[in-house]
Colleague: 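What follows is a single structure, and I will ask about it in a moment.
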Amino acid sequence: MNRETACEAYRRLLVQYPIVDDRRHFLNFHNPFETLILTILSAQTTDRAVNAVRDTLFSRYPTPEELARAEPGEVEPIIKSIGFHRTKARHIVETARKLVSDFGGEVPQTMEELQTLPGVGRKTANIVLSQAFGINVGIAVDTHVRRVSKRIGFTDSTNPAVIERDLMALFPHEVWRDINYLLIRHGRAVCTAQNPKHDRCVVADLCRYCRELRAGKPPDEE
DNA sequence: ATCCCGAGGG
DNA sequence: CCCTCTGGAT
């Protein structure tokens, strides 16, 4: 797919899934530490649920040093309402301890260093880098990004590393983070694995998968 | 019932 | 590759 078509798809998805509202809460993060902790807590949960516990959490543990001194067991009840609270309590406490012991109490600014922190995978590291430091290192390819990119025709590959390179080549680096977000949202709401909702898809006319459907060709998906 | 901007462990 | 972790919103 050429860049103009890709950009047109990007513009339409941006209208369909407005980012400004959703991102407002990220912009209100006070510092990299809060950004990191809240992003870890955000995994598989809603922003609303995380926002509900942030004041209590940070009034009690405002810095890595203070969170590092806590026991996971005492953090657990504070974040109970977000789900996965046992795992996440352990992750954020151990992350705080590692910030203190390995990184001088600061949040590291590279993909590799961030991913050594408990509870921080590629996705979380990506979000922290872009939100806390404005560094757009790349595009995190999860199952949604993978499926949607292949269907629309942003890539021909199913290899996550190749998909990432294709997307990075197709879009200007200022919008990588947006693209990541938009493809995920589109994959969840419309371009679902089973029974994709073509009638509600704003890029259907640009989509390779839809074109093949209309041509009567069964699109091959692996 | 189904989903949430996943990560870690087997 | 698979599985588990978890409560809340819709």
Side-chain angles (χ1 to χ4, degrees), chain A residues 10 13-14 16-29 34-54 56-57 72-73 75-98 108 111-149 158-161 163-164 167 171 175-197 200 221-222:
Chain A
Y10 162 73
L13 290 171
L14 199 54
Q16 182 76 2
Y17 312 100
I19 288 178
V20 270
D21 289 339
D22 205 282
R23 193 188 265 184
R24 188 177 306 143
H25 123 252
F26 286 109
L27 291 174
N28 285 338
F29 284 167
E34 293 197 5
T35 305
L36 172 62
I37 298 305
L38 292 176
T39 307
I40 293 174
L41 296 182
S42 294
Q44 284 295 109
T45 317
T46 58
D47 290 347
R48 193 179 310 178
V50 176
N51 269 325
V53 305
R54 64 181 289 178
T56 313
L57 185 65
V75 177
E76 232 177 85
I78 299 175
I79 63 171
K80 182 157 182 60
S81 60
I82 68 173
F84 299 118
H85 51 277
R86 205 162 301 148
T87 309
K88 286 174 178 174
R90 181 162 40 82
H91 282 167
I92 64 175
V93 168
E94 288 176 0
T95 284
R97 289 176 182 167
K98 192 148 190 175
M111 198 71 169
E112 295 70 34
E113 290 175 314
L114 277 169
Q115 287 189 90
T116 67
L117 301 169
V120 181
R122 188 172 165 63
K123 194 71 155 294
T124 303
N126 202 14
I127 294 170
V128 171
L129 282 174
S130 60
Q131 294 300 337
F133 303 118
I135 302 171
N136 289 332
V137 283
I139 295 172
V141 179
D142 67 356
T143 54
H144 297 293
V145 173
R146 176 167 157 168
R147 181 181 64 253
V148 176
S149 298
T158 54
N159 180 326
I163 294 174
E164 182 175 11
L167 290 173
F171 297 99
V175 305
W176 285 352
R177 196 237 175 288
D178 291 348
I179 280 293
N180 209 156
Y181 173 87
L182 293 172
L183 295 183
I184 291 169
R185 288 235 91 44
H186 189 57
R188 292 193 166 131
V190 174
C191 196
T192 46
Q194 286 102 31
N195 306 316
K197 290 130 187 93
R200 287 201 284 126
E221 291 201 89
E222 46 257 59

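The analysis underlying the following values was restricted to heavy atoms, covering all of them including side chains, and did not include hydrogens, waters or symmetry mates. Naming convention: chains lettered A, B, ... in sequence-line order (proteins, then strands); numbering from 1 in each chain.
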Colleague: Please figure out whether A/Arg48 or A/His85 has its closest DNA chain C nucleotide nearer the 5' end.
Modeller: A/His85
Colleague: For the backbone of A/Ile127 and the side chain of A/Ser130, can you confirm whether one donor and one acceptor N or O come within less than 3.5 Å of each other?
Modeller: yes
Colleague: Send over the distance from A/Gln194 CD to B/dT2 P, rounded to a whole Å.
Modeller: 10 Å
Colleague: Please measure how far the C1' atom in B/dG9 lies from the corresponding atom in C/dG7, and state the result in whole Å.
Modeller: 22 Å
Colleague: With a 4.0 Å cut-off on heavy atoms, is A/Lys88 in touch with a base, just the backbone sugar-phosphate, or nothing at all?
Modeller: nothing
Colleague: C/dT6 and B/dT2: how far apart are their P atoms, nearest whole angstrom?
Modeller: 22 Å
Colleague: Which atom pairs link the protein and nucleotides 6-8 of chain B when you take only N or O atoms and keep those under 3.5 Å?
Modeller:
residue: B/dG6; atom: OP1; partner: A/Arg188; partner atom: NH2; Å: 2.5
residue: B/dG6; atom: OP2; partner: A/Gln44; partner atom: N; Å: 3.3
residue: B/dG6; atom: OP2; partner: A/Gln44; partner atom: OE1; Å: 3.2
residue: B/dG6; atom: O3'; partner: A/Thr124; partner atom: OG1; Å: 3.3
residue: B/dA7; atom: OP1; partner: A/Gly121; partner atom: N; Å: 3.0
residue: B/dA7; atom: OP1; partner: A/Gly121; partner atom: O; Å: 3.4
residue: B/dA7; atom: OP1; partner: A/Thr124; partner atom: N; Å: 2.7
residue: B/dA7; atom: OP1; partner: A/Thr124; partner atom: OG1; Å: 2.3
residue: B/dA7; atom: OP2; partner: A/Lys123; partner atom: N; Å: 3.4
residue: B/dA7; atom: O5'; partner: A/Gly121; partner atom: N; Å: 3.4
residue: B/dG8; atom: OP1; partner: A/Gly119; partner atom: N; Å: 2.8

Colleague: Verify, without hydrogens or angle tests, whether A/Asn180 (side chain) and A/Ile139 (backbone) share a donor-acceptor contact under 3.5 angstrom.
Modeller: no
Colleague: Whole Å only: how far is the CD atom of A/Glu76 from the P atom of C/dC5?
Modeller: 13 Å
Colleague: In whole Å, I'd like the distance from the CG atom of A/Leu182 to the P atom of B/dC5.
Modeller: 13 Å
Colleague: Please test A/Glu34 against A/Arg54 for side chain to side chain contact (heavy atoms under 4.5 Å, CB included), starting from the C-alpha separation and ending with a verdict.
Modeller: CA-CA 9 Å; A/Glu34 293 197 5; A/Arg54 64 181 289 178; 3.7 Å; yes
Colleague: Under a 4.0 Å threshold between the charged nitrogen and the carboxylate oxygen, would A/Arg146 count as salt-bridged to A/Glu164?
Modeller: no
Colleague: Given 3.5 Å as the limit, does a donor-acceptor pair link the side chain of A/Arg147 with the main chain of A/Gly187, or not?
Modeller: yes
Colleague: Of the nucleotides C/dG8, C/dA9, C/dT6, which one has an atom closest to the side chain of A/Ser81?
Modeller: C/dG8
Colleague: Donor-acceptor pairs under 3.5 Å, side chain of residues 83-96 of chain A to any protein atom, not counting sequence neighbours: which ones?
Modeller:
residue: A/Lys88; atom: NZ; partner: A/Leu41; partner atom: O; Å: 2.9
residue: A/Lys88; atom: NZ; partner: A/Ala43; partner atom: O; Å: 2.7
residue: A/Lys88; atom: NZ; partner: A/Thr45; partner atom: OG1; Å: 3.0
residue: A/Thr95; atom: OG1; partner: A/His91; partner atom: O; Å: 3.0
residue: A/Thr95; atom: OG1; partner: A/Pro118; partner atom: O; Å: 2.7

Colleague: Tell me the interatomic distance from A/Asn159, atom CG, to C/dC1, atom P, rounded to whole angstroms.
Modeller: 11 Å
Colleague: Begin from the C-alpha positions of A/Leu13 and A/Leu183 and carry the test side chain to side chain contact (heavy atoms under 4.5 Å, CB included) through to its verdict.
Modeller: CA-CA 8 Å; A/Leu13 290 171; A/Leu183 295 183; 4.2 Å; yes
Colleague: Quick one: A/Leu41 CG to C/dG8 C1', roughly how many Å, whole number?
Modeller: 15 Å
Colleague: Rounded off to whole Å, could you give me the CG-to-C1' distance for the A/Leu183 and B/dC5 pair?
Modeller: 12 Å
Colleague: Nearest whole Å is fine: how far is C/dC5 P from A/Ile92 CD1?
Modeller: 20 Å
Colleague: Tell me the interatomic distance from A/Arg146, atom CZ, to B/dC5, atom C1', rounded to whole angstroms.
Modeller: 18 Å
Colleague: So, under a plain 3.5 Å distance rule, would you say the side chain of A/Arg177 forms a donor-acceptor pair with the base of B/dC5?
Modeller: yes
Colleague: Taking the P atom of each, how far is B/dC5 from C/dC3, in whole Å?
Modeller: 24 Å
